[in-house]
Amino acid sequence: MSVRRYEPSHIEPKWQEVWERERTWEVTNQPDDREKSYILEMLPYPSGEPHIGHLKNYALGDAIAHFHRRIGQRVMHPMGYDAFGLPAENNAIKTGVHPREATDKSIAAYRHWFHRWGISIDWSRELGTHEPSYYRWTQWIFLKLLERGLAYRKEAAVKWCPYDQTVLANEQVIDGRCERCGHEVELRQLEQWFFRITDYADALLEGLNDIEWPEHVKTMQRNWIGRSEGAEVIFRCEELGIDYPVFTTRPDTLFGATFFVLAPEHPDVLKLARDTDHEDQVEEYINRSLGESLEERSAADKPKTGVPLGRTVTNPMNGEQIPVFVSDYVLMEYGTGAIMAVPGHDERDYAFARVHDLEIRQVIAGPDDELPYTGNGPLVNSGPFDGMPNREAMAAIVDWLDREGKGHASVSYKLRDWLISRQRYWGCPIPVIYCPECGMLPVPEEDLPVTLPDVEDYQPRGRSPLATAEDWVNTTCPSCGEKAHRETDTMDTFVDSSWYFLRYCDARNDQAAWDRSVVDGWMPVDQYIGGVEHAILHLMYARFFVKALADMELLSTQEPFKALFTQGMILGPDGHKMSSSKGNVVAPSRIVERYGADAARCYVLFMGPADQDAAWSDTGVEGVHRFLARLWRLGDELAGTADGGETPREPEGDDLVLVRKANWAIEKVTTDMGRFSFNTAISAIMELINEIYRHPGADPQARAFATATAGSLVFPFAPHLGAEVYEQLTGRRVWEDSWPGADSEMLQVDTFELVCQVNGKVRDRVSAPSGAPREELEQLCLAARGVQTHIDGHEVAKVVVVPDKLVNVVVR
RNA sequence: GCCCGGGUGGCGGAACGGUAGACGCAGUCGGCUUAAACCCGACGGUCCAAGCGGACGUGGGGGUUCGAAUCCCUCCCCGGGCACCA
């Protein structure tokens, strides 16, 4: 008989067919006595075919899902597609192919590969965010937010991408550039739709304390929300009789406020400068700075430019008249768009004062008289507050301001409301109608969904291509029945993905977005897995949605994702980020076709810690393939010779070694699963296989037991091979058997290698009985030859014994 | 500038304060083979030594400890995030 080879192309389709036919991974919404476990990977944006990062993402989530099922949990592991979005639309502009067509084709490819990879997905819950049966409920949620005042329209200076011809949310602007296309964004004054995420700033901040997320992701969200405690202080312009509040985190430095600065966009700048000698100069400055790109304006090391307005305001602490300037280092979007400048204790104000030769006054004593000084210390030059430590003075001064009616404690945030309207075609229509008589009206719930019409031309021209679909735009007013027109903007695609995890719970409900009891039965997601690039965007928006929906009593959970795991990127073999322009892209299809899905899946988890970036290696995947082939050959060889499900009775010698190693592996893989250490879990299974090869003469029962154990343990990573080997040796389906438990007796060893140290250096190793008393170990160590030669001629000062491990002899 | 991660053989990486380098890749040697591939096995930190063995060794320097890759201080380098946020 010729030696048979491991052929993933035979094994894998066989098991995939079983899982599909029997719908093995479907789970009902009916609770039972098992603990629920909602395992979710971020849904893919379907474009072309899945890439290697998707393989890692889903291999990772699948390993967790399988593990949780086999430790007795009721696991939901669904899949869907974030199907609306710009790439499909830009492709449509280029090729004329309808975005739906390209998207559905890509979805088919993703679906195909998820099957081919053997990912254990509950396909009965599959969804696409571009399907009317889904976005109907996206629109419904929009209406709920509108009803609650959490969706609103306002005119504001918004970020505009000239290439994509649409507005963007703050979160979608990276270094002054469009997140999608990389073009520099501009500011435009436009009326747009916003979600009032700022109402939830504190809730979003506090909720972070209750969830098991990587600390750096929490930090990024905290920084993005940017909560600062301080005070609002009123500076009055006596000449014009107008009060100007400013926000400051340093009320303790108020006596040092020697000038006052407005942002160029501040609505009162021209009003203040009017009829002064500076009017022309101010106008010129404003025009110049508004003409600058965001990138130019926001350079931190930019010299501090600005011009005086020819006016003064009153410092509320000491009544001094201080000059007012306009300068682009003050941002309109933060605080009140105006600041009190304290050059003695703020680096930016100091730089401005130096350029414009303004008074720099010290009001906090530092270790020396060097200014600007931003540290702590007692107050000086601060009237009645002199000598008070500045930390105390903050509260004391705010109290004083409060009593005088010149200010109060206040909190400020960097977080802005989420701008959600887009002037693009391939998105969820905003369900709103404008009537000349009745104004803006929500589309009645019973008229949902507002379906996306077909259009001829997808080219954006500063307004949504939907505006050209006249039959669709023109409608009747739901209130008065007269002619009216529809909102033509669509929603940011991040809106679609902010609630899909809720829809999975009740995916086929056509009466409601979800049934509350069903969602409460599954939520929150127990383990969420995805790339860190969504640390702010998607992860913050989804948290906001859940908090808002919980406030509407539509669900109970306060946080969507109880635990988060952020996977590292797979880099090209050259160590650089994969990109077609660099020619270093590794296509998963090629790997899966050559080595099989199991090898591809195992390798992406074996590469290194799953949360770290790692470079692809073709020889690395071959090594994992070799390991799987070794396991397969053991299964093939031992099939039918013994029952691998049975532990050998009273094993001895080689048999005992194998049984112990198998139990060691069970223990190791189990703990490693719990800490997401998949690379070490796989290496433990490799060690087990190596051990079996090292004992070819062991009893077939012991070898079959060890091999079946390896099949069982490898199943979460290589489900096809795991199922195959396990079935060959036990006749059972591995996923129907619970996760193996280590036999504590088999983890015990009779003897161990005692490490003998002298002054902390290993000098010998001797065999010692397990559980031996300290005195015995000490004697064994002192008697060891390597130890003897090193303590000879020295006085033994101390002996440290670590039972079952080592002895350290300290000599002088 | 501030805030997070990291820095261990030729490479990816492993290591509750207790044998540094598990596992894998690459390499060398041996077996199988007419031969090659596959496969099986052995050896691989550096330096000195024929060998026994010894010295050094986890980015640099210092410290705590019987004992430090691991804890503390300090500096250097790499990656990421934020960055005129008052």
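Just so you know, these numbers come straight off a predicted model, no measurement behind them. Per chain, numbering begins at 1; letters A, B, ... match sequence-line order.
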Apply salt bridge (Lys or Arg N to Asp or Glu O under 4.0 Å) to R660(A) and list each qualifying residue two or more places apart in sequence or on a separate chain. D750(A)

What pairs of nitrogen or oxygen atoms, one from the protein and one from nucleotides 39-43 of chain B, lie under 3.5 Å apart?
| from | atom 1 | to | atom 2 | distance (Å) |
| --- | --- | --- | --- | --- |
| rC39(B) | O3' | R633(A) | NH2 | 2.9 |
| rC40(B) | OP1 | R630(A) | NH1 | 2.5 |
| rC40(B) | OP1 | R633(A) | NH2 | 3.0 |
| rG41(B) | OP2 | R630(A) | NH1 | 3.3 |

Each nucleotide in nucleotides 2-14 of chain B should get exactly one letter: B, S or -. Can you fill that in based on protein heavy atoms under 4.0 Å? -SS-------BSS

With sequence neighbours excluded, tell me which residues meet side-chain hydrogen bond (donor to acceptor under 3.5 Å, both in side chains) with T619(A). S617(A)

Please, what dot-bracket string fits RNA chain B when only Watson-Crick and G-U pairs with both distances under 3.5 Å count, crossing ones use [ ] and pairs to another strand use |? (((((((..(((.....[....))).(((((.......))))).((((....))))..(((((..]....))))))))))))....

Residue pairs, two or more places apart or on separate chains, that pass ring-ring contact (aromatic ring centres under 6.0 Å, His included) and touch residues 601-621 of chain A: Y603(A)-W616(A)

Would you list the pairs meeting salt bridge (charged side-chain N to carboxylate O under 4.0 Å, His left out) in which at least one residue belongs to residues 682-692 of chain A, sequence neighbours left out? K661(A)-E687(A), E691(A)-R694(A)

Would you please confirm or rule out a distance under 4.0 Å between OP1 or OP2 of rG18(B) and any side-chain N or O of K805(A)? no

Pairs where residues 213-227 of chain A contributes a residue and the test salt bridge (charged side-chain N to carboxylate O under 4.0 Å, His left out) is met, not counting sequence neighbours: D202(A)-R227(A), E215(A)-R222(A), R227(A)-E229(A)

Contacts of E359(A) that satisfy salt bridge (Lys or Arg N to Asp or Glu O under 4.0 Å) - sequence neighbours left out: R361(A)

Run the ring pair (Phe, Tyr, Trp, His ring centres under 6.0 Å) test against F676(A) and tell me which residues pass, sequence neighbours left out. F565(A)

Per the side-chain hydrogen bond (donor to acceptor under 3.5 Å, both in side chains) rule, what does the pair list look like for residues 244-254 of chain A, sequence neighbours excluded? Y244(A)-D268(A), R250(A)-D252(A), D252(A)-N390(A)

Across all chains, not counting sequence neighbours, the ring pair (Phe, Tyr, Trp, His ring centres under 6.0 Å) partners of Y595(A) are H625(A)

